[in-house]
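One structure below.
So that the names make sense, note that chain A is the first sequence line, chain B the second, and so on, each numbered from 1. Since this is a predicted model, take the numbers as computed values, not measurements.
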Amino acid sequence: MIEFTDSLTRTKRPFEPIRDGEVSIYWCGPTVYDDPHLGHARSALGFDILTRYLRWRGFEVTLVRNVTDIDDNIIARAAQRGLSETEISQIYEAAYLTEMDRLGIISPDHSPHATDYVDEMIKVIATLLDRNMAYVVEGSGVYFDVSALDAYGALVNRDPDELRESAGARVALDDDKADPLDFALWKAAKPDEPTWDSPWGPGRPGWHIECVSMSVNLLGPHFDIHGGGDDLTFPHHENERAEALGAGQPFANYWIHNAMVQVEGEKMSKSLGNFTTLAEMLDAYDPRAFRLLVLQTHYRRTMEINASALDPAVTAIERLDTFARRARLAGFDGSGIARHEPSVDAFRNAMDDDLSTPAAIAVIFDTVRLANAALDADDPTAEALCNTVIELSAALGLVLDGADGAVDDDADTIDDLIAQRSTAREQRDFAGADRIRDELSAMGVTIEDGAMGTTWHR
RNA sequence: GCGUCGGUGCCCGAGUGGUCCAAGGGGACGGCCUGCAAAGCCGUAAAGCCGCGGGUUCAAAUCCCGCCCGGCGCUCCA
């Protein structure tokens, strides 16, 4: 039985998909107005690991990850750079996708853009007006009427009155609204801003409405999982939910939120300007080390990411790679069907329990140790153990060693040097053998002697 | 202030009533293997008891109460 912690109930609940064997997921992607940072990476790994695992479990998963390509920040950035909103969003979406690719994030089945769904948003807003869940303020826009929805505040566990008390704690209140909690569904046109026509005059989409339109359009009015970074819980997801429920849709069955990445005890975010860009980090570290680091912390736990966290992860990845090379040399590249069932069971149990990736990773390392021991002993269980490590790693998106078929330009030279060294060793010319090893080392090549021969890696 | 999550070894980080459970990774030390390394395996040390103080229980890191500290949210944010 799979269980997830549902942000709405704040409890771990058994996961039961709406349609047998199928899972629909909507994950909030980026608003593209700046370089992607480590927080985006953690969130992306959130849906990546969730989706990969559900697929490994045999579910047919439909994953939607949106791109918000029109909002206040994009408009501001466009003005600042002297570019159009479209240019800004294209630049940063491209940057986002490049880094997602480097991280090995799976491609969503759909990547809808807000600007392609303005008509749909208008329909949702019209429905909300019809149902008396919203009101028009001439010259200002259309607002959602929070008082019309009993369920408002459920996701953040607050009564509307409590929310009213703290409203404006950080942001100035807007006099156009009947209630400080109300929020804009449609913003009337202002000079120098992109606009679309609507029944309420020219303007642009307000808050959160894009996600409702896109999720419902692509996944239907009732879907399984809605996810995103925990900072989106309020107001974004609360308001999205309000819009969808207000429009009479059941909406998401489970809400899953990943915790924040922090830097020296503070949230890493664009507004604080303390973020490390993903590009910077991925230039310096093996993307798999980052993935491993994220996997080693439960998704609902805040995590600190810095060199002293990444360095050990790099070492751990090297250990897995070394193991994979060894397994391949023994003829086990993971393609065989034999599995070590106790490890597979332990892995499944860990992951079924609210995606406990730290425990799942522990299972993998335990299995690596067993596999190495079996290889040392030339034990027949080695094959199943090796296959299991490779498969379970892949289920979490970790591809070990050069299994992706990367070729090294100097491979021939290196093989030749290794052959020379082997000859020298056979002749007990250890000084000569060590000279060759030093030469390889100078090329950045590390060699490992084993019972089955010598392997090397960069 | 209100809501919420958390404070575990040298570091990161699992574990949320009972094999005296403190997983796993990194680091350290010793042994085996090796011509020597590297890798691997085996073992050891390291948390005087898992923020502090009470309590519940035959039994708590794990439940309850209070306190201290920190993160996040309270309409930009993954």
For B/A61 versus B/C49, give the span between their C1' atoms, rounded off to a whole number of Å. 9 Å
If the condition is side chain to side chain donor-acceptor pair (under 3.5 Å), which residues does A/Glu3 pass it with, not counting sequence neighbours? none
Under a 4.0 Å heavy-atom criterion, the protein footprint on nucleotides 31-39 of chain B, written with B, S and -, is ----BBBBS
Using the C1' atom in both, what is the distance from B/A22 to B/C12, to the nearest Å? 15 Å
Map A/Thr302 and A/His236 onto RNA chain B by nearest heavy atom, then report which one ends up closer to the 5' terminus. A/Thr302
State which residues pass ring-ring contact (aromatic ring centres under 6.0 Å, His included) with A/His340; sequence neighbours excluded, sorted by chain then number. none
For a quick check under 3.5 Å, do A/Arg42 and A/Asn258 share a side-chain donor-acceptor pair by atom type? no
Polar side chain donor-acceptor pair, A/Ser356 to A/Asp354, under 3.5 angstrom: no
What residues form a ring-ring contact (aromatic ring centres under 6.0 Å, His included) with A/Tyr117, not counting sequence neighbours? none
Measure CH2/A/Trp255 against C1'/B/U4 and give the value in whole Å, please. 17 Å
Distance between P atoms of B/G26 and B/A39 (Å, rounded): 11 Å
If you look at every strand shown and take non-hydrogen atoms under 4.0 Å, does A/Ala259 touch a base, only sugar-phosphate, or nothing? base
When rounded to whole Å, the CZ to C1' distance for the pair A/Arg241 and B/G73 reads 17 Å
Residue pairs involving residues 341-381 of chain A (criterion ring pair (Phe, Tyr, Trp, His ring centres under 6.0 Å); sequence neighbours excluded): A/Trp56-A/Phe347
For RNA chain B, what are the stems built from at least three Watson-Crick or G-U pairs in a row, each pair having both distances below 3.5 Å? B:1-7 with B:68-74, B:10-12 with B:24-26, B:28-32 with B:40-44, B:51-55 with B:63-67
Any base atoms under 4.0 Å from A/Gly46, or only sugar-phosphate, or nothing? Heavy atoms, all strands. nothing
Under the salt bridge (charged side-chain N to carboxylate O under 4.0 Å, His left out) test, residues paired with A/Asp378 that sit two or more places apart: none
Without decimals, in angstroms, what is the distance between A/Leu320 CG and B/G24 C1'? 12 Å
According to the interplanar angle, ranging from 0 to 90°, do the rings of A/Tyr254 and A/Phe4 count as parallel (below 30°), tilted (30 to 60°) or perpendicular (above 60°)? perpendicular
Expressed in whole Å, how much space separates the C1' atoms belonging to B/C65 and B/U57? 16 Å
Could you tell me how far B/G70 sits from B/C29 if I compare only their P atoms? Round to whole Å. 37 Å
Students often get this wrong, so: under 4.0 angstrom with heavy atoms, is A/Thr315 touching a base, only sugar-phosphate, or nothing? sugar-phosphate
Check the pair A/Cys386 / A/Asp333 against side chain to side chain contact (heavy atoms under 4.5 Å, CB included), numbers first and verdict last. CA-CA 7 Å; A/Cys386 290; A/Asp333 59 3; over 6 Å; no
Check every atom of B/G26, B/A78, B/G24 against the side chain of A/Asp366 and return the nucleotide holding the closest atom. B/G24
Could you measure between the two C1' atoms, the one in B/C10 and the one in B/G27, and give it in whole Å? 7 Å
Checking A/Thr31, A/Thr86, A/Asp34 against A/Ile74 for side chain to side chain contact (heavy atoms under 4.5 Å, CB included), the one that qualifies is A/Thr31
Any side-chain N or O of A/Arg300 under 4.0 Å from OP1/OP2 of B/C72? no
Going by the rule side chain to side chain donor-acceptor pair (under 3.5 Å), which residues pair with A/Thr98 if we only count those two or more places apart in sequence or in a different chain? none
Touch class at under 4.0 angstrom, heavy-atom based, for A/Asp182 against every strand present: base
Taken to the nearest whole Å, CG/A/Asn258 to C1'/B/C72 is 12 Å
So how far is it from A/Ile49 CD1 to A/Leu396 CG, rounded to the nearest 0.5 Å? 6.5 Å
A/Phe183: ring-ring contact (aromatic ring centres under 6.0 Å, His included) partners, not counting sequence neighbours: A/Phe144, A/His208
Closer than 4.0 Å, any side-chain N/O of A/Asn73 to the OP1 or OP2 of B/C76? no
Do the side chain of A/Arg158 and the base of B/C2 come within less than 3.5 angstrom through a donor-acceptor pair of N or O atoms? yes
Listing request: all salt bridge (Lys or Arg N to Asp or Glu O under 4.0 Å) pairs with a residue in residues 420-432 of chain A, at least two apart in sequence or in separate chains. A/Arg421-A/Asp449, A/Arg425-A/Asp449
Can you measure A/Asp231 atom CG to B/G71 atom P for me and round it to whole angstrom units? 16 Å
A/Glu318 CD to B/G25 C1', in whole Å, measures 13 Å
Using a strict heavy-atom distance below 4.0 Å, which residues from residues 379-395 of chain A are in contact with RNA chain B? none
Span that lies between the C1' atom of B/A47 and that of B/C41, in whole angstrom: 27 Å
Would you indicate, yes or no, if B/A78 has its OP1 or OP2 atom less than 4.0 angstrom from a side-chain nitrogen or oxygen of A/Arg65? no
Which residue lies more 5' along RNA chain B, comparing A/Asn157 with A/Tyr299 via nearest heavy atoms: A/Asn157
Counting only heavy atoms and a strict 4.0 angstrom limit, can you tell me which residues of residues 290-298 of chain A come near RNA chain B? A/Gln296, A/Thr297, A/His298
With sugar-phosphate meaning primed atoms plus P, OP1 and OP2, does A/Ala316 contact a base, only sugar-phosphate, or nothing at under 4.0 Å between heavy atoms? sugar-phosphate
Any side-chain heavy atom of A/Thr367 within less than 4.5 Å of one from A/Val363? yes
Could you state the CG-P distance from A/Asp321 to B/G40, rounded to the nearest angstrom? 12 Å
Just by modelled atom types, is the A/Ile106 backbone N or O under 3.5 Å from a matching donor or acceptor in the A/Asp48 side chain? yes
Atom CD1 of A/Ile317 and atom C1' of B/G24 are separated, to the nearest Å, by 14 Å
Using atom C1' in both nucleotides, what's the gap between B/U56 and B/G73 to the nearest angstrom? 33 Å
